[in-house]
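Working notes for the structure below.
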Amino acid sequence: MQQRERLAEIAEQIRSCTRCPLHQTRTRAVPGEGPAQPRVMLIGEAPGFYEDRSGRPFVGAAGRFLNALLARAGLTREEVFITNIVKCRPPRNRDPLPAEVEACKPYLEEQIRLLNPQVIVTLGRFAMAYFLPQARISRVHGQPFQVGDRWVVPMYHPAAGLYREALRPVIEADFDRLRAFLDALSRQGKLSLS
Ligand code: URA
C-alpha cells in the first residue's frame with residue numbers, strides 16, 4: 001500500500017476509534033493533517049473545544065498563535081504535519097490520562113514511521129515526555145535533542161503563551177532559534193550531498 005493511502009487509512013481508523021473512553025464524549029476525533037513527506041512534524045497534547053468540533057488540529061486561539069510562531073520559524077502550516085499525542089478531546093480539556101496516551105500510541109507511532117520527519121517539534125510537556133521522559137520543559141525548551149535518527153525540539157505549548165504573558169517572548173525566541181536550527185540543518189544537508 002502507498003504511504004499516502006496508509007496515512008489516510010490510519011486517519012479513518014482514528015475517526016472511528018473506540019480504544020479508550022474518550023470516544024464516548026468526543027464530537028470528532030482529530031487525526032492530524034499535513035503533507036505526506038514533511039520535514040517538520042508538530043505534536044501537541046490533545047484536541048480542545050474547536051478542534052473537537054471541526055476535526056482539525058490547532059484551529060482555536062492557540063492555533064492562531066501557533067501560526068504566527070511557525071512564521072517566525074520560516075514555516076507555513078501547509079508544509080508541516082500537525083497532530084496530537086491524544087486524538088480525542090478529554091472532557092473539559094483536562095490532562096490526558098496515561099491509559100489514554102497508551103491507547104492512542106499505536107496511531108502516533110505509525111504516523112511518525114510513515115511521515116519519517118527529520119525534525120519533531122513537541123508542543124507542551126505531554127508531547128515532550130513522550131520522547132524525553134526525564135526532561136523538564138523549563139530547562140530544555142527550544143533546544144534540539146537527537147532521538148534515534150531524528151531531532152526532537154521541545155517547545156512550551158502555545159496556549160501557555162496566551163495565559164502566561166511573560167512566557168510569550170520566551171516562546172517567540174524559541175521559534176526564532178528553531179528557524180536558525182532548520183537553516184543550519186539545510187546547510188549541512190547540502191554539504192553532505194556535495
Ligand atoms: N491544543 C493542543 O494541544 N492540540 C490542539 O490540537 C489544540 C490545542
Step-by-step side-chain contact (heavy atoms from CB on, under 4.5 Å) determination, Val86 to Val101: CA-CA 6 Å; Val86 163; Val101 173; 4.0 Å; yes
Criterion side-chain contact (heavy atoms from CB on, under 4.5 Å) on Leu70 and Leu42, from CA distance to verdict: CA-CA 10 Å; Leu70 286 175; Leu42 278 90; 4.0 Å; yes
I'd like to know whether Asp95 forms a side-chain contact (heavy atoms from CB on, under 4.5 Å) with Glu45, so could you lay out the CA-CA distance, the side-chain angles of the two residues, the decisive distance to 0.1 Å, and finally the verdict. CA-CA 8 Å; Asp95 288 349; Glu45 182 176 313; 3.9 Å; yes
Decide side-chain contact (heavy atoms from CB on, under 4.5 Å) for Met41 and Gln111; before the verdict, give the C-alpha distance in whole Å, the side-chain angles of both, and the deciding distance to 0.1 Å. CA-CA 10 Å; Met41 178 178 188; Gln111 286 176 320; 4.3 Å; yes
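Of the possible polar contacts, none joining the Glu100 side chain to the Cys20 backbone as a donor-acceptor pair under 3.5 Å is found. Of the possible donor and acceptor atoms, one in the side chain of Arg150 sits under 3.5 Å from a partner among the backbone N and O of Pro117. Remark: the backbone N or O of Arg39 is not paired with any side-chain donor or acceptor of Gln118 at under 3.5 angstrom. For Arg179 (side chain) and Arg72 (main-chain N/O), a donor-acceptor pair under 3.5 Å exists by modelled atom type.
Crowding of Arg139 atom CZ: a count of heavy atoms from other residues, nucleotides or ligands under 6.0 Å not exceeding 12. When the shell of 6.0 Å around CD of Gln37 is examined, it contains 12 or fewer heavy atoms from other residues, nucleotides or ligands. In the displayed structure, Gln2 atom CD is contacted under 6.0 Å by at most 12 heavy atoms of other residues, nucleotides or ligands.
Heavy atoms only, all atoms of each residue included: Ala46 and Pro90 are closest at CB-CD, 3.6 Å. The two residues Phe81 and Gly32 come nearest to each other via the heavy atoms CZ-C, 3.9 Å. Considering all non-hydrogen atoms of both residues, Pro154 and Gln143 come closest at CD-O, 3.0 Å. Residues Cys88 and Ala29 come closest through the heavy atom pair SG-CB, 3.8 Å. Annotation for Arg89 and Phe49: closest pair NE-N, 3.6 Å, computed over non-hydrogen atoms. Nearest heavy-atom pair, Asn93 versus Gly48, reported as atom, atom and distance to 0.1 Å: OD1-CA, 3.7 Å.
Note: Glu110 CD to Leu115 CG = 9.5 Å, rounded to the nearest 0.5 Å. If you take CD1 on Ile171 and CG on Asp176, they are separated by 12.0 Å, rounding to the nearest 0.5 Å. One distance of note links CG of Leu66 with CZ of Arg77; it measures 6.0 Å at 0.5 Å rounding. Atom CD1 of Ile10 is separated from atom CZ of Arg113 by 7.5 Å, given to the nearest 0.5 angstrom. Summarising the geometry, atom CZ belonging to Arg164 is positioned 13.5 Å from atom NE2 belonging to His157; distances are rounded to the nearest 0.5 Å. Once rounded to the nearest 0.5 Å, the distance linking CH2 of Trp151 with CD1 of Ile120 reads 13.0 Å.
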Which donor-acceptor pairs under 3.5 Å do side chains of residues 121-136 form with protein atoms, sequence neighbours excluded?
from   : atom 1 : to     : atom 2 : distance (Å)
Tyr130 : OH     : Glu109 : OE2    : 2.9

Under 3.5 Å, which donor-acceptor pairs link side chains of residues 52-60 to any protein atom two or more places apart or in another chain?
from  : atom 1 : to    : atom 2 : distance (Å)
Asp52 : OD1    : Thr27 : N      : 2.7
Asp52 : OD2    : Thr27 : N      : 3.4
Asp52 : OD2    : Thr27 : OG1    : 2.5
Ser54 : OG     : Tyr50 : O      : 2.9
Ser54 : OG     : Arg56 : N      : 3.2
Arg56 : NE     : Glu33 : OE1    : 3.0
Arg56 : NE     : Glu33 : OE2    : 3.4
Arg56 : NH2    : Glu33 : OE2    : 2.8

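Cluster note: Leu97 groups with no other residue, as no ILVMFWY side-chain heavy atom lies under 4.5 Å from it.
Linking ILVMFWY residues whenever their side-chain heavy atoms come closer than 4.5 Å, directly or via other members, leaves Leu108 and Val30 in distinct clusters. Taking hydrophobic clusters as Ile, Leu, Val, Met, Phe, Trp and Tyr residues chained together by side-chain heavy-atom distances below 4.5 Å, Tyr163 does not share a cluster with Met155. Cluster membership for Tyr107 and Ile85, using ILVMFWY side-chain heavy atoms within less than 4.5 angstrom, is shared.
For the pair Arg168 and Glu165, the salt-bridge criterion is not met [side-chain N within less than 4.0 Å of a carboxylate O].
Side-chain contact between Pro47 and Arg26 is absent, with no heavy-atom pair separated by less than 4.5 Å. With contacts defined as side-chain heavy-atom distances shorter than 4.5 Å, the pair Arg6/Gln3 does not qualify.
The aromatic rings of Tyr156 and His141 are tilted relative to each other, their planes meeting at an angle between 30° and 60°.
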